[in-house]
Amino acid sequence: MPTIVSVDDSTVPGEGSSRLLLLVSSDNKHIVVEEDIMSRSRFISKQVEGFEATSQRHAILLPFSSFVLNKVIEYCSHYRGYYLLEDDPDAAPPGRSPVREWDQEFLDVDRNMLLRIIKAAHYLEIKSLVGSCARAIADMIRGKTTEEMREILGVENDFTPEEEHSPSSKCTG
Amino acid sequence: MHSALYSLLEYRNSCAPINRLPAEVLARIFSYAAAPGARQKTMASGHGSPTQHDLGWIRHTFVCRKWRHVALDHATLWVNVDFALGYRWATEMISRAKSAPLIVDRLVKRSPWQADLIVENIPRIAVLRLETEVGDVFDTIIDGLSVPVPLLKVLCIKRGDDFVHFPDNFLGDHAPNLHTLEVRNPFNFPWSSSIFQNLVSFQLIHPSRPRLSLDELFSALSSMPRLERLVLQNCLRHNPTDYPDITIKLPCLRYFQGGDDLRGWTHFLQHLTIPATALRNLTLYYYGTEAQINASFASFIPTLVTFVRAHGNPAESISRLVLDSHHGLKIIACRAIRPDYLSIFVNLHPVFWTGEEQGPPTMVAAAVLPALSSEHLRELDVGPRDTGWSPSLWLDIMARAPGLQSISVEGQAAEMLCIALQMSADATSEGAASLGAAQPSVTLLPALRELSLTGVDFTKVAESTAEYPSFQDCLAARAKERMLQTLVLQGCKIRSEWVDDLRRVVCDVQWEESSIVPEPISTFYTCYSAQSRPSPFP
């Protein structure tokens with residue numbers, strides 16, 4: 001659960017169709033964003049519902065940096081008002097499809113940034129962004145050898161010699 | 001010592017950013033990373049290794065302990081049962097899928113064991129697609145579909161043109177989650193069953209006779225209140241007396257595709273109610289002789305226009321329209337995701353060109369374009385076989401669709417467009433010899449951003465005359481205003497130096513030379529002018 005702090009109404013105007021939300025990043029940057037933009041995040045939507053239930057408005061503290069948060073807001077802003085199948089909780093899971101062209105450019109970042117974005121998207125429950133990031137990471141390792149995958153994603157071979165050649169033993173429990 | 005070393009490595013890996021992702025996200029990456037298209041290589045033989053199939057991610061189990069644990073333990077990676085790998089792998093996958101709903105979308109030939117495995121697990125299946133000719137396996141599975149299927153969401157049953165005999169008590173009359181149903185040539189199908197009530201997508205294709213009765217069809221459709229996608233092919237009859245005196249209400253319909261005799265559709269539309277707010281996608285086909293096609297379209301188009309107008313503002317209601325007669329006429333009009341975005345595809349075949357002033361191509365354009373509120377058009381795509389085009393028809397379309405941003409056009413229609421663009425521009429510098437020296441004004445299609453021309457012989461159409469500026473100068477003028485940004489030239493007969501000149505003024509010129517030199521066209525300069533023909537529009 002996120003930490004919630006009370007917010008002065010003058011800081012976050014909350015009337016009208018374009019209500020504003022105050023998001024606070026882990027580096028203590030305060031970012032004001034229209035609620036409508038962030039409605040793609042089920043996490044944020046649930047928080048807002050909670051606000052309405054208590055008639056109090058709060059800032060939402062998020063466990064990632066303002067740099068990452070701004071990227072997520074950029075994504076949500078771009079798809080503001082668009083219907084994306086992946087974000088429809090009632091829709092059947094989408095099949096394999098290529099990363100959207102805009103997403104490709106948007107996710108043209110270094111590996112660590114990409115991993116931070118997908119983690120933030122998962123936290124915020126933005127399925128479409130998680131999917132696009134997952135596809136981008138998958139593209140990085142598709143067709144690569146085991147050694148290449150380790151090198152690309154910065155992991156070591158931690159198998160014992162016996163484990164390495166028997167995939168179904170021990171690790172599966 | 002070794003054990004401590006491996007534990008240390010495992011701990012180090014646990015701190016790697018990729019391994020700090022939740023297991024379900026990692027599993028999703030694995031599923032996307034499976035090599036696409038690899039499975040076809042071994043489908044014919046029915047055998048292959050996991051890495052050649054949808055289990056391509058199995059190689060990820062050799063990267064590190066965490067990946068192995070996630071890959072082997074995550075049920076969703078195993079739910080798509082691949083029978084091509086053989087019995088042992090299929091049972092292993094079903095076992096590792098634990099209680100997750102299964103997906104069965106591909107069967108293989110000469111493997112009778114798969115029918116037993118599927119029938120045994122039918123209550124666990126969420127997606128079942130039987131679309132191939134697999135003999136007895138198919139019949140065994142169909143016979144097994146007589147039990148309740150609480151998890152089933154998608155059911156697709158198609159076997160060529162043969163009838164599919166459905167069992168009594170189909171799905172135990174209990175499929176509460178079934179949202180997609182696709183059947184082809186069903187026989188003994190329970191049209192009055194309650195399994196339709198939650199359907200979101202329904203496709204019925206019935207190429208073989210005898211077909212179901214309209215009473216059965218209307219009864220089934222009336223029990224699908226949540227339907228958003230409807231595809232009906234070869235299901236309708238064209239005798240108006242066959243139609244039940246009821247109206248089908250589909251308040252959620254967003255996509256509508258149909259085929260067969262347009263006369264049947266003429267009657268069907270009169271029994272159909274769709275809210276004006278629903279996004280509609282109509283795709284109607286008719287294949288027949290020239291006389292049949294002409295008769296069908298002549299009766300259908302007015303009905304369609306009436307239908308569209310009766311359902312609210314056409315600009316807001318209809319989103320995509322396709323009329324296709326295969327070898328004959330094809331019209332596609334669509335509005336894309338953005339609500340203000342409408343595009344139209346017109347493909348008119350010579351069979352409709354009677355040589356009269358108001359021949360079928362212009363009649364169709366006259367009927368459909370106004371019905372679709374052409375001022376909202378943003379895209380226009382004209383197919384290669386159309387010959388009913390003239391500069392005056394283009395000029396009319398330009399005037400009626402001022403918001404067009406993208407035009408893709410081929411063949412004779414493309415050549416007529418080039419001439420129309422020249423005719424639409426007034427040269428302010430007469431006798432200019434070089435590109436850009438003349439300064440035609442851009443009056444029509446001021447928003448044109450992309451122009452794609454295929455099969456144009458520019459040696460015939462590109463020259464300037466005393467009356468009109470050259471086509472090059474027209475494009476250059478549009479480019480200088482930063483309007484025209486992309487020019488695509490495919491299979492065009494054109495001088496390379498002319499392309500080089502254009503590249504200096506248009507941001508993106510894509511020139512693809514074709515080995516097929518287009519047939520030279522007659523020069524229409526002398527045949528046409530903007531005033532020589534009456535407007536095709538009412």
Side-chain angles (χ1 to χ4, degrees), chain A residues 79 81-84 90-93 95-99 111-116 118-119 121-123 127 130-173, chain B residues 2-3 5-22 24-36 38 54 56-73 76 92 96 103 105 126-127 153-154 179-180 200-201 279 337-339:
Chain A
Y79 287 113
Y82 277 89
Y83 172 83
L84 296 180
D90 299 325
R96 282 175 200 162
S97 55
V99 181
R111 181 195 69 192
N112 286 336
M113 186 61 187
L114 184 58
L115 292 168
R116 287 193 194 111
I118 192 174
K119 205 170 173 185
H122 181 259
Y123 184 88
K127 286 186 179 179
V130 171
S132 290
C133 290
R135 286 187 182 92
I137 298 169
D139 287 345
M140 291 162 60
I141 60 174
R142 181 178 296 117
K144 297 287 192 295
T145 65
T146 306
E147 273 304 324
E148 287 169 335
M149 282 191 271
R150 286 178 188 140
E151 193 176 329
I152 290 167
L153 292 170
V155 293
E156 301 276 352
N157 180 1
D158 57 4
F159 292 119
T160 64
E162 303 81 51
E163 286 173 346
E164 189 158 12
H165 300 292
S166 60
S168 60
S169 67
K170 293 187 181 180
C171 288
T172 56
Chain B
H2 277 214
S3 171
L5 176 65
Y6 289 118
S7 295
L8 200 60
L9 285 170
E10 187 176 13
Y11 174 75
R12 187 178 182 282
N13 278 342
S14 70
C15 298
I18 185 73
N19 284 343
R20 294 173 73 90
L21 294 177
E24 64 264 34
V25 175
L26 205 50
R28 197 163 172 187
I29 294 170
F30 293 165
S31 70
Y32 287 140
D54 278 352
W57 45 264
I58 208 81
R59 69 176 63 176
H60 303 154
T61 63
F62 293 93
V63 170
C64 67
R65 287 183 172 190
K66 165 88 183 229
W67 284 33
R68 179 172 292 183
H69 179 77
V70 169
L72 297 181
D73 199 49
T76 56
E92 179 76 12
R96 287 196 179 276
I103 296 171
D105 61 1
V127 177
K153 294 180 177 177
V154 177
H179 62 65
T180 298
V200 172
S201 175
L279 183 68
I337 298 170
R338 289 176 184 272

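As the structure is a prediction and not an experimental result, all values here were calculated from the model. Heavy-atom basis, side chains included; hydrogens, waters and symmetry copies ignored. Reminder, nothing fancy here: chain letters follow the sequence lines and each chain counts from 1.
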Between CD on residue E147(A) and CE on residue M149(A), distance to nearest 0.5 Å = 10.0 Å
key: For S14(B), side-chain contact (heavy atoms from CB on, under 4.5 Å) partners two or more places apart   = Y11(B)
key: Plane angle bin for W67(B) and H60(B) - parallel if under 30°, tilted between 30 and 60°, otherwise perpendicular   = perpendicular
request  = Could you have a look at K119(A), H122(A), R111(A) and say which one has the most heavy-atom pairs with chain B under 4.5 angstrom?
outcome  = H122(A)
note = chain A shares the most heavy-atom pairs under 4.5 Å, among L9(B), N13(B), L8(B), with N13(B)
request  = Measure P22(B) against the heavy atoms of chain A and call it side chain, backbone, both or neither at under 4.5 Å.
outcome  = side chain
ask   = Is it the backbone or the side chain of I18(B) that comes under 4.5 Å from a heavy atom of chain A, or both, or neither?
value = both
task = Sequence neighbours left out, what passes side-chain contact (heavy atoms from CB on, under 4.5 Å) with E10(B)? Give chain and number order.
result = D158(A), R65(B)
